[in-house]
Number of protein chains: 2
Amino acid sequence: MKQTEIQDTADLLKALGEFNRLSLVYRLCECPQPQNAMCLCDCCSVDASVVSRHLKTLAQAGILKLDKKGRERTYSLDRANVVNQLRALATKIETSL
Amino acid sequence: MKQTEIQDTADLLKALGEFNRLSLVYRLCECPQPQNAMCLCDCCSVDASVVSRHLKTLAQAGILKLDKKGRERTYSLDRANVVNQLRALATKIETSL
DNA sequence: CATATATTTGCATTATTGCGCAAATATGTC
DNA sequence: GACATATTTGCGCAATAATGCAAATATATG
């Protein structure tokens, strides 16, 4: 197993492994439409600047996609990517021997 | 979604989301037999005491099982638990809308 | 019991992280 | 452009976490 692969996976899990960030992810789970940051603020009781940073962290980890359509800035889950990586890890743990 | 559930899931992901700990997990993936701590030390270049602490962290998160058979102390992956939790999260992200 | 090895724990250090606040920078509206 | 709102960034602080070393505590073996 390459070190970089381990690091990449660790980065994804670390990004998900914080209460407020995971709350944001669950919140976005429920949204059929992409959401703007303010709309997401109410799911965790922290300052808007903190939400902004968490969203950035999640986006950098490939968990969220930032959609800049014209003047709107909205976030949505990159479901495929997150699901694939989680499943890949699960499968590896389950089957490698 | 309950706060405690979010917290529990975040705790699991946080435990996995650190390079040396994830390296230990991958290392244990390859082991059909439970391993003692020293045997696991070579997969990450840190002090044995650090490995000991990481193993403890992983065990507390339900990722590893500590087997004390007689005088042997060995660690093994709790594959079922980790796999179930990862898959549950993946499914939630994939399907909840 | 004495000795060797394995593992954990206490302690100090350093690095990282989450947070709030205020200021700066968009971005949209009139 | 002036103004309101949304978002990001700089800064400092407090809490957490990772690490190494040395000492303590097992645990085996002679």
Side-chain angles (χ1 to χ4, degrees), chain A residues 3 6-28 31 33-77, chain B residues 3 6-28 31 33-77:
Chain A
Q3 303 262 302
I6 299 178
Q7 188 65 63
D8 288 347
T9 305
D11 288 343
L12 177 88
L13 296 170
K14 180 179 290 184
L16 288 172
E18 196 275 335
F19 182 79
N20 287 323
R21 280 196 297 270
L22 190 58
S23 300
L24 287 165
V25 169
Y26 279 133
R27 177 72 160 70
L28 276 163
C31 303
Q33 309 290 342
Q35 302 289 312
N36 64 40
M38 285 305 98
C39 175
L40 297 166
C41 271
D42 59 348
C43 84
C44 43
S45 54
V46 291
D47 193 79
S49 66
V50 175
V51 173
S52 173
R53 275 184 252 259
H54 279 323
L55 291 172
K56 187 178 179 184
T57 300
L58 290 167
Q60 284 176 334
I63 295 162
L64 303 187
K65 280 182 292 194
L66 171 59
D67 310 304
K68 285 189 183 179
K69 285 184 184 174
R71 45 208 74 155
E72 297 238 358
R73 244 177 290 178
T74 57
Y75 289 93
S76 58
L77 262 183
Chain B
Q3 304 261 303
I6 299 178
Q7 188 64 65
D8 288 346
T9 305
D11 287 343
L12 177 87
L13 296 170
K14 180 178 292 187
L16 288 172
E18 196 274 336
F19 183 79
N20 287 323
R21 281 196 296 270
L22 190 57
S23 299
L24 287 166
V25 169
Y26 279 133
R27 178 72 160 71
L28 275 163
C31 302
Q33 309 289 343
Q35 302 290 313
N36 64 40
M38 285 306 97
C39 175
L40 297 166
C41 271
D42 59 349
C43 84
C44 42
S45 53
V46 290
D47 194 80
S49 66
V50 175
V51 172
S52 173
R53 274 184 253 258
H54 279 321
L55 291 172
K56 187 179 179 185
T57 300
L58 290 167
Q60 284 176 335
I63 296 162
L64 303 187
K65 281 183 292 194
L66 170 59
D67 311 303
K68 284 189 184 178
K69 286 184 184 174
R71 47 208 72 157
E72 295 238 1
R73 243 176 292 179
T74 57
Y75 290 94
S76 59
L77 263 182

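Every chain is numbered from 1, with letters handed out A, B, ... down the list of sequences. Every heavy atom of this structure was used, including side-chain atoms; hydrogens, water molecules and symmetry mates were not. Keep in mind it's a predicted model, so treat the numbers as computed, not measured.
Residue B:Leu13 contributes atom CG, which lies 17 Å from atom C1' of D:dA17 at whole-angstrom precision. Per the geometry, NZ belonging to A:Lys14 stands 9 Å off P belonging to C:dT16, to the nearest Å. Separating the NZ atom of B:Lys56 from the C1' atom of D:dT25 is a distance of 14 Å, rounded to the nearest angstrom. Between the NE2 atom of B:His54 and the P atom of D:dT16 there is a distance of 18 Å, rounded to whole Å. The CZ atom of B:Phe19 sits 10 Å away from the P atom of D:dT19 (whole-angstrom rounding). In this entry the distance linking CG of B:Leu66 with C1' of D:dA26 reads 14 Å, nearest Å. Atom CG in A:Asp47 sits roughly 10 Å away from atom P in C:dC19 (whole-Å rounding).
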Applying side-chain contact (heavy atoms from CB on, under 4.5 Å) to A:Arg21 and A:Thr57, what does each step give before you reach the verdict? CA-CA 9 Å; A:Arg21 280 196 297 270; A:Thr57 300; 4.0 Å; yes
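An OP1 or OP2 oxygen of C:dC19 is reached within less than 4.0 angstrom by a side-chain nitrogen or oxygen of A:Asn20. Between A:Arg21 and the phosphate of C:dT17, there is no side-chain N or O to OP1/OP2 separation shorter than 4.0 Å.
A distance-only check finds no donor-acceptor pair linking the side chain of A:Ser52 to the backbone of A:Ala48 [under 3.5 Å].
Distances were taken from every side-chain heavy atom of B:Val50 (C-beta onward) to each of C:dG18, D:dA18, D:dG20; the shortest belongs to D:dG20. Here the side chain of B:Ser52 is nearest to one of D:dT9, C:dT8, D:dT19, namely C:dT8. Here the side chain of B:Val46 is nearest to one of D:dA18, C:dT27, D:dG20, namely D:dG20. Here C:dT27 is the nucleotide among C:dT27, C:dG18, C:dT9 with the atom lying nearest to any side-chain atom of A:Arg73. With C:dC19, D:dA18, C:dT8 as the choices, the nucleotide that has an atom nearest any side-chain atom of B:Ser49 turns out to be C:dT8.
Among the protein residues, A:Tyr75 comes within range of the sugar-phosphate backbone only, with heavy atoms under 4.0 Å from sugar or phosphate atoms but none that close to a base.
Using a 4.5 Å cut-off on side-chain heavy atoms (C-beta onward), A:Tyr26 and B:Thr9 make contact. Side-chain contact between A:Leu66 and A:Arg73 is present, with at least one heavy-atom pair separated by less than 4.5 Å.
For A:Gly17 against B:Leu13, the heavy-atom pair with the smallest separation is CA-CB, 3.7 Å.
Taking only distance into account, the side chain of A:Arg53 meets the base of C:dG20 through a donor-acceptor pair shorter than 3.5 Å.
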